[in-house]
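Counting from 1, the numbers follow the sequence of the chain as shown. Computed from a prediction, not measured in an experiment: that's the story for all the values here.
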Amino acid sequence: MNKIRKALALSIVAATLSGGAAFAQDHHDDHHDNHAYVQHKEWRKGARMNHDDWNRGERVDYRQYHLSAPRPGYEWRQVDGNYVMAAIATGVIASVIVASAAH
């Protein structure tokens, strides 16, 4: 009975650890893909950015990438190899720049 408990406990620990490693790997892959350029013709000044796209983006320090200071209520995000300045509350786009063009 004691051996069965130990085997069960080891199985649970192994499953938990391997699941966490898989999640960490997926997150890393998503992070990497976020920097590859994808053209989004729908992202233009005055358009609304999709909520899922906004959430995938990483907030960037505009000074580090020589971008203009965002207006109050706006921020820069890097999404699919683009820098997008949009309103935090609504997703209305103020500016889009291809990331490689900003360097």
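Linking Ile, Leu, Val, Met, Phe, Trp and Tyr whenever their side-chain heavy atoms come within less than 4.5 Å puts Met85 and Tyr65 in one cluster. Grouping the Ile, Leu, Val, Met, Phe, Trp and Tyr side chains by contacts below 4.5 angstrom, directly or via other members, places Tyr83 with Tyr74.
Panel note: side chain Asn82, backbone Val38; a donor-acceptor pair is recorded below 3.5 Å. Checking side-chain atoms of Arg77 against main-chain N and O of Val60 turns up no donor-acceptor pair under 3.5 Å.
Here the side chains of Val96 and Lys45 are not in contact, with every heavy-atom distance at 4.5 Å or above.
When all heavy atoms are compared, the tightest approach of Gly57 to Val79 is CA-CG2, 3.3 Å. Between Ala94 and Arg71, the closest heavy-atom pair is CB-NH2, 3.2 Å. Across all non-hydrogen atoms, the minimal contact from Gln78 to Ala99 is NE2-CB, 3.9 Å. Taking each heavy atom of Pro70 and Tyr62 in turn, the nearest pair found is CD-CD2, 3.4 Å.
The NE2 atom of His40 sits 10.0 Å away from the CD1 atom of Ile93 when rounded to the nearest 0.5 Å. Atom CH2 in Trp76 sits 15.5 Å away from atom CD in Glu58 (nearest 0.5 Å). Taking CG of Asp53 as the reference point, atom CH2 of Trp43 lies at 4.5 Å (rounded to 0.5 Å). To the nearest 0.5 Å, atoms CH2 (Trp54) and CE (Met49) are separated by 7.0 Å.
For Arg44, there are no side chain to side chain donor-acceptor pair (under 3.5 Å) partners at least two apart in sequence or on another chain.
The residues Arg56 and Asp80 are annotated as salt-bridged, a charged nitrogen and a carboxylate oxygen being separated by less than 4.0 angstrom.
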